[in-house]
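In what follows, a single structure is set out as structure tokens and then discussed.
Bear in mind the structure is a predicted one, so any value in this text is a computation, not a measurement.
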Amino acid sequence: MFQQHVQTSPARYLRAQRAHRMAELLISTTDSIETIARHVGWSDPAHASRAFRSIHGVSPQHYRRTHGGAALVRADS
């Protein structure tokens, strides 16, 4: 029933939701990638990075750099 409604499996849906929330936090916070990964529900930051890359096409570090994440503001201070 879930799969028919959202057109994907529950596991893929959850992975995509976590990756999208991680993207939001990469831009809006200065938290480490490890902290963000754990916050969105991944216990292994390496797995989180692989999943993020599979959804967004770039690593979390690259995403933060190219999207002007909050960490860039701190680095320029």
Side-chain angles (χ1 to χ4, degrees):
M1 185 172 258
F2 178 89
Q3 193 162 352
Q4 290 174 337
H5 182 68
V6 296
Q7 303 298 313
T8 192
S9 70
R12 286 185 181 184
Y13 178 83
L14 181 58
R15 182 176 65 167
Q17 292 302 306
R18 286 177 175 169
H20 292 307
R21 181 64 180 140
M22 190 172 180
E24 292 172 356
L25 293 172
L26 286 167
I27 294 170
S28 65
T29 73
T30 58
D31 292 345
S32 71
I33 292 167
E34 180 178 352
T35 298
I36 293 171
R38 292 186 194 288
H39 178 77
V40 300
W42 276 306
S43 59
D44 179 6
H47 177 74
S49 289
R50 286 190 302 275
F52 186 93
R53 182 185 297 268
S54 75
I55 301 284
H56 292 283
V58 295
S59 70
Q61 296 88 344
H62 186 253
Y63 188 90
R64 178 176 261 172
R65 277 195 313 270
T66 58
H67 288 81
L72 296 177
V73 173
R74 185 177 67 180
D76 290 341
S77 298

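Among all heavy-atom pairs drawn from Arg50 and Asp44, the shortest one is NH2-OD2, 4.5 Å.
Here His20 pairs with His56 under the ring-ring contact (aromatic ring centres under 6.0 Å, His included) rule; sequence neighbours left out. In this structure Arg38 satisfies the salt bridge (Lys or Arg N to Asp or Glu O under 4.0 Å) test together with Glu34, sequence neighbours excluded. Partners of Arg21 according to the side-chain hydrogen bond (donor to acceptor under 3.5 Å, both in side chains) rule, which considers only residues two or more places apart in sequence or in another chain, are Glu24.
Hydrophobic clustering, with ILVMFWY side chains joined whenever heavy atoms are under 4.5 angstrom apart, keeps Ile55 apart from Tyr13. Both Met22 and Val58 are part of a single hydrophobic cluster, where members link through side-chain heavy atoms under 4.5 Å apart.
Atom CZ of residue Arg15 and atom OG of residue Ser9 lie 8.0 Å apart, to the nearest 0.5 angstrom. Atom CZ of Arg12 and atom CD of Gln17 lie 15.0 Å apart (nearest 0.5 Å). Summarising the geometry, atom CZ belonging to Phe52 is positioned 5.0 Å from atom CG belonging to Leu26; distances are rounded to the nearest 0.5 Å. To the nearest 0.5 angstrom, Leu14 atom CG is 8.0 Å from Trp42 atom CH2.
Tested against Ser32, the residues Thr29, Thr30, Thr35 include a single side chain to side chain contact (heavy atoms under 4.5 Å, CB included) partner, Thr35.
Side-chain contact check for Leu25 versus Asp31: every heavy-atom pair is 4.5 Å or farther apart. Side-chain contact check for Ser49 versus Ser59: every heavy-atom pair is 4.5 Å or farther apart.
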